[in-house]
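Step one of this worksheet: look at the structure below.
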Number of protein chains: 2
Amino acid sequence: MTILRNDRTVPPGREVPDATVARLPVYLRALNALAEAGTPTCSSVDLAAAAGVNPAKLRKDLSHLGSYGTRGVGYDVEHLRHEVARAIGQTQDWDVVIVGVGHLGTALSSYQGFSTRGIRIVALVDADPTRIGTTVAGLEVEPVDRLPAIVAERGIRIAVVATPGAAAQEVADVLVAAGVTSILNFAPAHLEVPNGVDVRKVDLSIELQILAYHQQRRADETEATA
Amino acid sequence: MTILRNDRTVPPGREVPDATVARLPVYLRALNALAEAGTPTCSSVDLAAAAGVNPAKLRKDLSHLGSYGTRGVGYDVEHLRHEVARAIGQTQDWDVVIVGVGHLGTALSSYQGFSTRGIRIVALVDADPTRIGTTVAGLEVEPVDRLPAIVAERGIRIAVVATPGAAAQEVADVLVAAGVTSILNFAPAHLEVPNGVDVRKVDLSIELQILAYHQQRRADETEATA
DNA sequence: ATTTGTGAATGTCTTCACAGCC
DNA sequence: GGCTGTGAAGACATTCACAAAT
C-alpha cells in the first residue's frame with residue numbers, strides 16, 4: 001500500500017505545462033461532443049482530429065494528467081472526460097464578476113457558453129451612473145464602489161475586466177486588493193499586478209491586426225510573383 | 001549600390017517570427033501613447049515597460065524589422081511608430097465582414113478600438129430572418145446568402161465568425177469559397193480550412209477555464225500547506 | 001556613458017518514432 | 001494488428017551578456 005497525500009491519487013509528474021493547460025478545455029469540449037453522440041471509445045487520432053491538433057501532441061498532453069488510455073484500444077470517452085474535467089477544475093462552479101457593462105461586457109454577461117463550462121457570472125459592475133440599477137442578463141448592475149464588498153461577500157477569485165483602457169489598471173488594483181487572483185482582461189491596456197495574480201489578455205483589435213499582417217504578406221508575395 | 005527588389009528597402013532577415021508578429025500591435029499601441037504624450041524618444045527599457053515585456057525581447061523583436069534605433073540614444077518614437085505600422089500593414093485600412101450578429105457580433109460591430117487600428121467593419125450578416133434588415137452600429141444586417149456577393153463586391157479578405165458553434169464550419173466554407181483568406185473565429189468549434197487560409201480562434205469560455213485551472217491549483221496548494 | 005543589436009545559452013513546445021502493452 | 005505512452009530529436013522562443021556604435 002502506497003502512501004497517499006490526500007483522498008485522491010496524486011498525478012505522477014505534477015506540473016502540467018502551460019501549453020497543455022490551454023488545450024485541455026478544447027479536448028474536454030471534443031469529449032463532450034463525442035459523449036453526446038454516444039461514442040463509447042476513441043483513439044488519439046479521432047480525438048485529435050475533433051480538437052484540431054496533432055495526435056502525438058494530444059497523447060503527450062494527456063500523459064501529463066496520468067495514464068488513462070488502453071494500448072491497442074484507445075480512450076474510454078466517459079472516463080477521460082471525467083479526468084480532464086477534474087484536472088481543469090470543472091467539477092465545481094466558479095463565480096465570476098464582470099466589471100464594465102458596455103457592449104462587450106453585456107455580450108459576455110449573456111454568453112451562453114459559460115454555464116456549461118463551470119463558469120457562473122454572478123455580478124455586474126459599472127462606473128456609469130446611468131447604467132447602475134439596470135438589469136442585464138438577469139443581473140442588476142451595481143456601482144463600482146461596491147466592488148470590494150461584492151468580491152468579499154461571495155468569495156470571488158476570478159474577474160473579467162471589460163472597461164475602457166484608461167480605467168482598467170485602477171479596476172485591477174481594486175480587484176486584487178479585494179482578493180481576486182485571476183483576471184481576464186479585455187481592456188486594451190497592460191495590467192500591472194503583484195506576483196501570484198494571474199492575468200490573461202484578450203485583445204480584439206490585436207487579433208485582427210495579426211491577421212492583417214499575414215494578409216499583407218500574402219498580397220506582397222503575389223505582387224512580387226506577378 | 002545594392003540591388004532593390006522594389007521601391008522599398010527589403011528587411012534584412014525576412015520572415016518575422018510568429019511570436020514577434022503577435023507583439024508588434026502591442027508595441028504600436030505603446031508607441032501611439034508615447035507619441036500622444038509628446039515623448040520624442042524612448043529607450044528599449046521605456047517602451048518594454050509600457051508594453052509589459054522584457055527589454056531584450058523587445059529589442060530582438062524590433063531587430064526583425066530592421067535597425068531603427070540609435071545606440072546610446074534609443075528610438076525615435078515617431079519614426080519607429082511609422083515603421084512598426086508599416087510592418088503590420090497598418091498603412092491601409094482592411095475591410096472586414098462580421099458573420100453572426102448575436103450579442104457578441106453586435107458588441108464587435110460597435111467596438112470602438114477597430115477604426116483607429118486600420119480595421120473597418122463594412123458588412124454584417126446573419127441567418128436569423130428577424131435580424132435581417134435591422135440596423136446595428138450603423139450597418140444594415142444582410143442575409144447569409146448574400147455573403148459571397150458581399151465578399152466579392154468589396155474584395156473582402158478578412159472575416160469574423162461570431163455564429164453558434166454548429167453553424168461556424170458551414171459559414172467558413174462559404175467565406176473561403178468567396179475568397180476570404182483570414183478568419184477570426186469566436187465560435188466554439190474547430191474550423192477546417194484549406195492551406196493558405198489563416199484562422200485565429202478566440203474562445204471566451206476557454207480563457208476563463210484556463211484561469212480556473214490555475215485558481216484550483218492555488219486552492220489545492222494552500223489546502224495542502226494548511 | 002549609454003543603449004542598441006545580436007551571438008550564444010537556456011528554456012519551452014512540438015514532433016518523431018518506437019518500445020511496450022492490449 | 002493496433003494504439004498508447006514516452007524518450008530523444010528538432011524547432012522555436014526567451015533571456016543573457018557583451019561587442020559595436022554614438
Side-chain angles (χ1 to χ4, degrees), chain A residues 9 11-27 30-31 34 39-81 83-84 87 190 210 213-214, chain B residues 9 11-24 26-27 30-31 34 39-81 83-84 87 210 213-214:
Chain A
T9 319
R14 292 318 333 267
E15 207 61 44
V16 180
D18 282 354
T20 296
V21 171
R23 282 186 295 266
L24 291 178
V26 180
Y27 302 155
L31 285 166
L34 288 173
T39 316
T41 204
C42 70
S43 72
S44 66
V45 175
D46 301 336
L47 187 51
V53 303
N54 175 309
K57 179 150 57 175
L58 171 82
R59 291 202 300 277
K60 180 138 283 187
D61 281 343
L62 293 182
S63 78
H64 290 114
L65 307 185
S67 189
Y68 300 125
T70 310
R71 291 169 195 232
V73 179
Y75 301 93
D76 179 280
V77 170
E78 202 51 57
H79 180 216
L80 185 57
R81 183 161 80 122
E83 292 298 341
V84 173
H190 168 72
I210 293 169
Y213 169 87
H214 293 291
Chain B
T9 319
R14 292 314 338 264
E15 207 60 43
V16 179
D18 283 354
T20 296
V21 171
R23 283 186 295 266
L24 291 178
V26 179
Y27 302 155
L31 285 166
L34 287 173
T39 316
T41 203
C42 71
S43 72
S44 65
V45 175
D46 301 336
L47 186 53
V53 303
N54 176 307
K57 179 150 56 176
L58 171 80
R59 290 202 300 276
K60 180 139 283 186
D61 282 344
L62 293 182
S63 78
H64 290 112
L65 307 186
S67 189
Y68 301 126
T70 310
R71 294 170 193 229
V73 178
Y75 300 93
D76 179 280
V77 170
E78 201 52 56
H79 180 215
L80 185 58
R81 183 160 81 122
E83 292 298 342
V84 173
I210 294 169
Y213 169 87
H214 293 291

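Letters A, B, ... mirror the listed sequences (proteins, then strands); counts begin at 1.
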The criterion is side chain to side chain contact (heavy atoms under 4.5 Å, CB included); which residues satisfy it with [X], sequence neighbours excluded?
X	result
A:S43	A:V45, A:D46
B:N54	B:A56, B:K57
B:A48	B:V53, B:P55, B:L58
A:T70	A:V73

Using every non-hydrogen atom in the two residues, find where [X] and [Y] come nearest and quote the distance to one decimal.
X	Y	value
B:L31	B:V77	O-CG1, 3.7 Å
B:Y213	A:A87	CD1-O, 3.2 Å
A:V16	A:H64	CG2-O, 4.1 Å

Nearest-Å distance for atom pair [atom1]/[atom2], residues [X] and [N]:
X	N	atom1	atom2	value
A:R59	D:dT4	CZ	P	6 Å
A:D76	D:dT4	CG	P	13 Å
A:Y75	D:dG2	OH	P	18 Å

Side chain to side chain contact (heavy atoms under 4.5 Å, CB included) between B:V84 and B:L62, worked out = CA-CA 8 Å; B:V84 173; B:L62 293 182; 4.3 Å; yes

query = Which residues within residues 39-48 of chain A lie with some heavy atom under 4.0 Å of an atom in DNA chain C?
reply = none

query = Restricting to pairs with a member in residues 66-81 of chain A, which pass salt bridge (Lys or Arg N to Asp or Glu O under 4.0 Å), not counting sequence neighbours?
reply = A:E78-A:R81

message = I need the full list of salt bridge (Lys or Arg N to Asp or Glu O under 4.0 Å) pairs touching residues 16-27 of chain A, with sequence neighbours left out, sorted by first then second residue.
response = A:R23-A:D61

task = Tell me, please, which residues at least two apart from B:Y75 pass side-chain hydrogen bond (donor to acceptor under 3.5 Å, both in side chains).
result = none

task = Starting at the 5' end of nucleotides 8-13 of chain D, put B wherever the base has a protein heavy atom under 4.0 Å, S where only the sugar-phosphate does, and a dash everywhere else.
result = B----S

Range on DNA chain C touched by chain A - first to last nucleotide, heavy-atom distance under 4.0 Å = C:dC13 to C:dC22

task = Mind checking salt bridge (Lys or Arg N to Asp or Glu O under 4.0 Å) for B:R59 and listing every partner two or more places apart, or none if nothing turns up?
result = none

Just the atom pairs and distances: protein N or O near nucleotides 20-22 of chain D's N or O, under 3.5 Å.
unit_1: D:dA20; atom_1: N3; unit_2: B:R71; atom_2: NH1; d: 2.8

key: From A:L47 atom CG to A:T39 atom OG1, the distance as rounded to the nearest 0.5 Å   = 10.5 Å

